[in-house]
Number of protein chains: 2
Amino acid sequence: MIHPSHGGGKVSQVTSAPARTKRPTMVDVAALAGVSVKTVSRVVNNAPYVQPEVAQRVLAAVAELGFRRNHLASSLRSGQATATIGLLIEEIANPFYATIAGAVAEVASEHDTMLLIASSEENPAREQQLLRDLCARQVDGLLVVPAGEDHAFLRSEVERGTPAVFLDRPAGGLPADTVLIDNRGGAHAGVRQLVERGHRRVGILLDSTAIYTMRERLAGAQDALAAAGLADDRLIRYGIRDPETAARVVGDLLDEPDPPTAFFALNNRISLGAVEELHRRGSDAALLGFDDFDLSRLLPYPFTVVAYDTRTLARTAAELLFRRIKGDRSAPRDLLIPTELVNRGLPRH
Amino acid sequence: MIHPSHGGGKVSQVTSAPARTKRPTMVDVAALAGVSVKTVSRVVNNAPYVQPEVAQRVLAAVAELGFRRNHLASSLRSGQATATIGLLIEEIANPFYATIAGAVAEVASEHDTMLLIASSEENPAREQQLLRDLCARQVDGLLVVPAGEDHAFLRSEVERGTPAVFLDRPAGGLPADTVLIDNRGGAHAGVRQLVERGHRRVGILLDSTAIYTMRERLAGAQDALAAAGLADDRLIRYGIRDPETAARVVGDLLDEPDPPTAFFALNNRISLGAVEELHRRGSDAALLGFDDFDLSRLLPYPFTVVAYDTRTLARTAAELLFRRIKGDRSAPRDLLIPTELVNRGLPRH
DNA sequence: TTGAAAGCGCTAACAC
DNA sequence: GTGTTAGCGCTTTCAA
């Protein structure tokens, strides 16, 4: 470190922090203002029928004591909404989930609601625990990107008034609102384009078929290939978790006799590895990837992505949730977000 | 859309959802199990001194009714922690803040604590409102990336037992723990390296000096240039908000007589625009950027970044907060996260 | 227009 | 070991 001192800091207090003083309550405010607790409550909640001068006294006391209403106590007694919703995702740091969280936060903010976020880390047991914790905190509703396959344990919570909307993957064992990407249709459209451009051998690279989106995308790709009489299971490679593996698998396929002339990467981690390997080799194979990502247009190899609007996915789900929270009791809905094909990457040099 | 139907969905219920049934309380469980409410409380909280068979009866009743403890009521009465902390950032969808949120979520999870996240959108008024809302929800502590310059309004909350730790930017008007990046030192080291490599004219590209990090980084760069007798204010360009503007400004500087042979981009949005323009022109100018970012190593121009570990920044702050929550009353601390210089981008072709 | 009393769901303090 | 009582901070109900 060249310069351990920094400019904007203030001088640290040498003394330690003062002992905690108790938070003032409505009782304290009432005593100071010389009114009843109920009157304080009225003023704090902007209820009508309070004489202006009384209200003034109360507000003065509120300011003097630094009173702030205890939102927990308030919603406990009123039984009303806590103005908090829960969002369960896999991992906040992941850009896909970060985008979802951002869009959900926006909608929540429009409804004066706060957002409690939890990460399942793709662990169904943890998912269940976290959803229960969120319910225990009396959230007004739940937005869930499922990790597990079974959400029956949520049934009683939903019946007791905590609506849940699932996004990106379907819920299991629970009739509930669901908002999904058109995985199958997008994969179909992309692969059909490859076929129309004359490709006859398409390498397919995916993670595990235990993952819902992988199954759907694979099915869409296979439909499109089968329609052209080009299905060939020997060109499918499973279990690709990271870009490094993807790069290696692309290399392996290219080194075989009669190699693919095109590749379909079923998620963006895989696309990334494929881009690197194809660029490294100066290949001229076509590349199709599912999921767009940041900076994709600046990568050193041309490719096509099946893109969709993650924010629309999240906003749609969040808006549906708030409709439920406001009392919409109609039958659960299944919504599908469309995809489109977009060209990315820099031209070959 | 090619394929509007999708595979994994379940059949929608045609009937609408059943009416809400009330959530069962400890009173309900106690009645069913034939014990007192207090005993239910003991069992639910794993307190000792409950006969195994009584506990069994209670647990059976809990299961039958689908009872779940109301966490709000519990922490209202016990006056204990709510096991919830608040995180205030600028915008969740931004990768920098998403990384922070992810690291904070990890630490929170290690302390069995949930995370309430709010976005200030860089609006000081909104920041103040949100911090107050978080306090009203009785969070155990606050983690704040400041938007405003004045946080005196938090003083009473902090004194009443809601500790706050500031990160990435200093708090204003409030003695509080702060965890910052070594902006000045990192900028100094990077620019010194440019100077040592023979550069005499370094273009400096930044956003507004109203931003703390910009001021610090600029000061570090100027220190390094001044030390070599190379300071030249005519090579500084202010008010660059986005990559497009950055690209244009780089072009403008290169088109001047006696152009810079090196550029220093004070954040990664600016770096991105500079990379694009330098690549487009086939320039051989050196580029230094502050902030690393995803995929930086695959961009089509070689550059150096002042990198730091965002996760360390966030984890350090979160761990400090939990120490405060656990009762540490020592003097506020100012911590500095170190930076390092890293080479990124692909070689010129 | 204002206030007193009861109680939201839970737990601390004590009694039994 | 278990139950009773009171009360966290607030809002509802109803009386004044």
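Predicted, not measured: the structure shown is a model, and the values here were computed from it. All chains are named by letter (A, B, ...) in the order of the sequence lines, taking the proteins before the strands, and each is independently numbered beginning at 1.
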Checklist entry - In whole Å, what is the span from the OH atom of Y49(A) to the P atom of dT13(D)? => result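 The distance from OH of Y49(A) to P of dT13(D) comes to 16 Å, rounded to the nearest Å.
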
Item to check | Interatomic distance, L76(A) CG vs dC8(D) P [rounded to whole Å] | outcome: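 The answer, rounded to whole Å, is 13 Å.
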
Checklist entry - Considering only heavy atoms and no angle criterion, is a donor-acceptor pair shorter than 3.5 Å present between the side chain of R42(B) and the base of dG3(D)? => result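 Looking at the base of dG3(D), it does pair with a donor or acceptor on the side chain of R42(B) (distance under 3.5 Å).
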
Distance-only polar pair, side chains of [X] and [Y], donor-acceptor under 3.5 Å:
X       : Y       : result
R315(A) : T310(A) : no
R42(A)  : S36(A)  : no
E90(B)  : Y97(B)  : yes

Next on the checklist: At 4.0 Å (heavy atoms only), tell me whether V27(B) reaches a base, stays on the sugar-phosphate, or touches nothing.
Outcome noted: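 Nothing: the residue V27(B), judged by heavy atoms under 4.0 Å, touches no strand.
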
Checklist entry - For R69(B), which contact category applies under a 4.0 Å heavy-atom criterion: base, sugar-phosphate, or nothing? => result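 R69(B): backbone/sugar contact only, no base atoms under 4.0 Å.
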
Check this one for me: any side-chain N or O of [X] less than 4.0 Å away from OP1 or OP2 of [N]?
X      : N       : result
N70(A) : dC8(D)  : no
Q80(A) : dT12(D) : yes
S41(A) : dT11(D) : yes
S78(A) : dT11(D) : no

Checklist entry - Should E106(A) and R311(A) count as an ion pair when the cut-off is N to O under 4.0 Å? => result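 Answer for the salt bridge query: yes.
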
Test item: [X] side-chain N/O and [Y] main-chain N/O as donor-acceptor pair under 3.5 Å:
X       : Y       : value
R126(B) : S119(B) : yes
E127(B) : S120(B) : no
R324(A) : S330(A) : yes

Checklist entry - Any side-chain heavy atom of Q138(B) within less than 4.5 Å of one from H71(A)? => result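 The answer is no; the side chains never approach within 4.5 Å.
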
Checklist entry - Parallel, tilted or perpendicular: which fits the ring planes of F322(B) and H111(B), with parallel below 30° and perpendicular above 60°? => result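 Aromatic pair F322(B)/H111(B) classed parallel.
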
Checklist entry - Which angle, to the nearest 10 degrees, lies between the helix axes at the two ends of the helix from dT1(C)-dA16(D) to dC16(C)-dG1(D), each defined by five pairs? => result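 Here the helix ends are tilted 40° relative to one another.
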
Item to check | Positional range of nucleotides in DNA chain C within the contact set of chain A, heavy-atom, under 4.0 Å | outcome: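 First-to-last contact on DNA chain C, by the 4.0 Å heavy-atom rule, is dT1(C) to dG9(C).
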
Checklist entry - DNA chain D: A73(B) or V50(B), which has the more 5' nearest nucleotide? => result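 Taking each residue's closest nucleotide, the earlier one in sequence belongs to V50(B).
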
